[in-house]
Protein chains: 2
Amino acid sequence: MAEPINLNRLAYFAAVVDTGSFTRAAERLGVTKTVVSQQVARLEADVGVSLLTRTTRSVQLTEAGRGLHARCLAILKEADEAFAELSDAALEPRGTLRITAPNDFGSFIVAPVVAAFTRRHPKCRVELVITDAKLDLIGQQFDLAIRVGWLDDSSALARRIDTFRQLAVANPALAERHPAAGPDDLLVWPFIANLSLKDPGLWTFRRGAEERTLRVQPAMSVNATPAALAAVHAGGGFAVLPEFLVAEEIAAGRLIPLLPDWSLPSGGIHAVYPATRFRPLKVKAFVDMLSDKRNWPTHCP
Amino acid sequence: MAEPINLNRLAYFAAVVDTGSFTRAAERLGVTKTVVSQQVARLEADVGVSLLTRTTRSVQLTEAGRGLHARCLAILKEADEAFAELSDAALEPRGTLRITAPNDFGSFIVAPVVAAFTRRHPKCRVELVITDAKLDLIGQQFDLAIRVGWLDDSSALARRIDTFRQLAVANPALAERHPAAGPDDLLVWPFIANLSLKDPGLWTFRRGAEERTLRVQPAMSVNATPAALAAVHAGGGFAVLPEFLVAEEIAAGRLIPLLPDWSLPSGGIHAVYPATRFRPLKVKAFVDMLSDKRNWPTHCP
DNA sequence: GTGATTGTTTGTTAAAAGTGTACGGTCTTT
DNA sequence: AAAGACCGTACACTTTTAACAAACAATCAC
């Protein structure tokens, strides 16, 4: 094809035909009649065919003009609908929201929020992929990823949802057997490492200004946090786990927090999205909802 | 509606999606990749939605982008077809050609040419309205009018097809009764006026440098040339008629030309078309054909 | 690492789109 | 018939946009 024809002029032409007058077309379009006259003239020059026969008092369609006008209406209607659809998406969450989240936080927190989200926004469907693998956001077409812990790469943008405390926990039987007055005492405990962390064996305990860093040798390693939790229950050792995961069990006495007056570094829960110019409303709406703890399951503070 | 969205940008967007790359889209469109990048960015700004997720190495469609792309293709295809249709019309005569012509010339000359024209251009239909009334070209949507005689108004454009001599004729009986040595002798003849002329009673005869203008009082008036011819045949008087109308009858001896060494002013046969920017090809083709006398019926010189 | 590829940014220029005024025609009004 | 209201266009002018070229940041392949 040679030179593309200016599609915008179609709107001018259509307006003239619809209103039957250059002047009224100009009013409708909110421009001077000069512009309408010129644009239509250029459209005619582009296609090399006269579309309108003008007298000083009225305008009549050419045969060619009549043919174009019919198609013109179809084109403009299609375009209008297309843009209206997009505007809707910018006004109200809709479409499909693809989320990936890690096992623990995904199952415990994200899934319930997703349920509430789909209830609130019926036009929005959600695909939740729960995995501890760090999938490629763009390649897999995710709108959103929830990352627990620390952000490593990040050419992507992130928003912090929450921070969580991490607790060293063991099952009651194990906790009874081994006394632990300070961090160093833990070195002799069997340790369950969570491989989904950057450095699973390195932990820094704090108590006020006091700080103690130790490298623990794992008795076992797993790459999924729930598996680590299960291992703790089975008495395989102690592990460092997010508070939101174990709070309920501690309250019920099924797990024992170790060194309660020492604290471990807090982790961050982040919403990570690929860098696009405009964030889809559905993403913002969901992240807003996820950030509001009132939407979280009740057993979490 | 607020501000119209730039439809031209759709082509850029579609090209990126189709080729899967800004660079290749730029090549296809014959512009710099800068332009493609900017135009797509502005389209996104217009609709307030991201359509593409860009990495430095690749481009991926957003959900919203996917929706727009589908419609985009439909819009661009429709536009392409519409313009192609118009271009065809500019390349080959097609559609309907509405012509009006006066009774005499229309029936004798135009109609046969129309027949040949439709045979040569099968995609072109012709509506021939034969009447001596001077119809409104624009209001009645005529592409072309054939006017015989002299052009009076003409905000319209005209092209001369031919000139024709006019002859004063009578039937043999009348011509025998009245001798006519010079123009002034005709003043005593009964005269049949043709009201379709501007000034039906005013005639100027010429013989070399000699000139004689006379105002003839009509014995009868009609507004149609064939009717005048019939009246002449019936011996109602003499009349001034176009040569193409009476040549055959004179040759057959059924009509007698008066004052054969004097000449009357020649009339013009004109093709008149409404003033449009671009003349449809069908009009040009027809006028060309009508101007070429080889297409005329054989009994005319 | 190094170079090649890709999309964006930045400055700059030419071409559009747009405005206001004036003009030739035509229809209505008186 | 003359006056006035309209209509579409032409013209001079300002503002916005499209387009290019060159440089840049980020990635992938080798």
Quick one: [X] [atom1] to [N] [atom2], roughly how many Å, whole number?
{"X": "A:Asn8", "N": "D:dA18", "atom1": "CG", "atom2": "C1'", "value": "12 Å"}
{"X": "B:Leu43", "N": "D:dT17", "atom1": "CG", "atom2": "P", "value": "15 Å"}
{"X": "A:Gln38", "N": "C:dA16", "atom1": "CD", "atom2": "P", "value": "11 Å"}
{"X": "B:Phe22", "N": "C:dT9", "atom1": "CZ", "atom2": "P", "value": "11 Å"}
{"X": "B:Lys33", "N": "D:dA25", "atom1": "NZ", "atom2": "C1'", "value": "12 Å"}
{"X": "B:Arg9", "N": "C:dA16", "atom1": "CZ", "atom2": "C1'", "value": "13 Å"}
{"X": "A:Tyr12", "N": "D:dT9", "atom1": "OH", "atom2": "C1'", "value": "17 Å"}

Pick the nucleotide of DNA chain D nearest each of B:Gly30 and A:Ser37; which residue has the one closer to the 5' end? A:Ser37
Compare the minimum distances between each of [options] and the side chain of [X], then state the nucleotide with the smallest one.
{"X": "A:Thr32", "options": "D:dT9, C:dT19, D:dA21", "answer": "C:dT19"}
{"X": "B:Val35", "options": "D:dA19, C:dG7, D:dG8", "answer": "D:dA19"}
{"X": "A:Arg42", "options": "C:dG7, D:dG8, C:dA17", "answer": "C:dA17"}
{"X": "B:Thr34", "options": "C:dT19, D:dA22, C:dA16", "answer": "D:dA22"}
{"X": "B:Thr23", "options": "D:dA19, D:dC7, C:dG7", "answer": "C:dG7"}

A:Val31 or A:Thr55: which one's nearest nucleotide on DNA chain C is closer to the 5' end? A:Val31
For B:Ser58 and B:Thr55, does a side-chain donor sit closer than 3.5 Å to a side-chain acceptor? yes
Please check if the side chain of [X] supplies one atom and the backbone of [Y] the other of a donor-acceptor pair under 3.5 Å.
{"X": "A:Thr62", "Y": "A:Ala64", "result": "no"}
{"X": "A:Thr53", "Y": "A:Gln60", "result": "yes"}
{"X": "A:Asp143", "Y": "A:Arg98", "result": "yes"}

For the residue pair A:Pro93 and A:Leu281, establish whether any side-chain heavy-atom pair is separated by less than 4.5 Å. yes
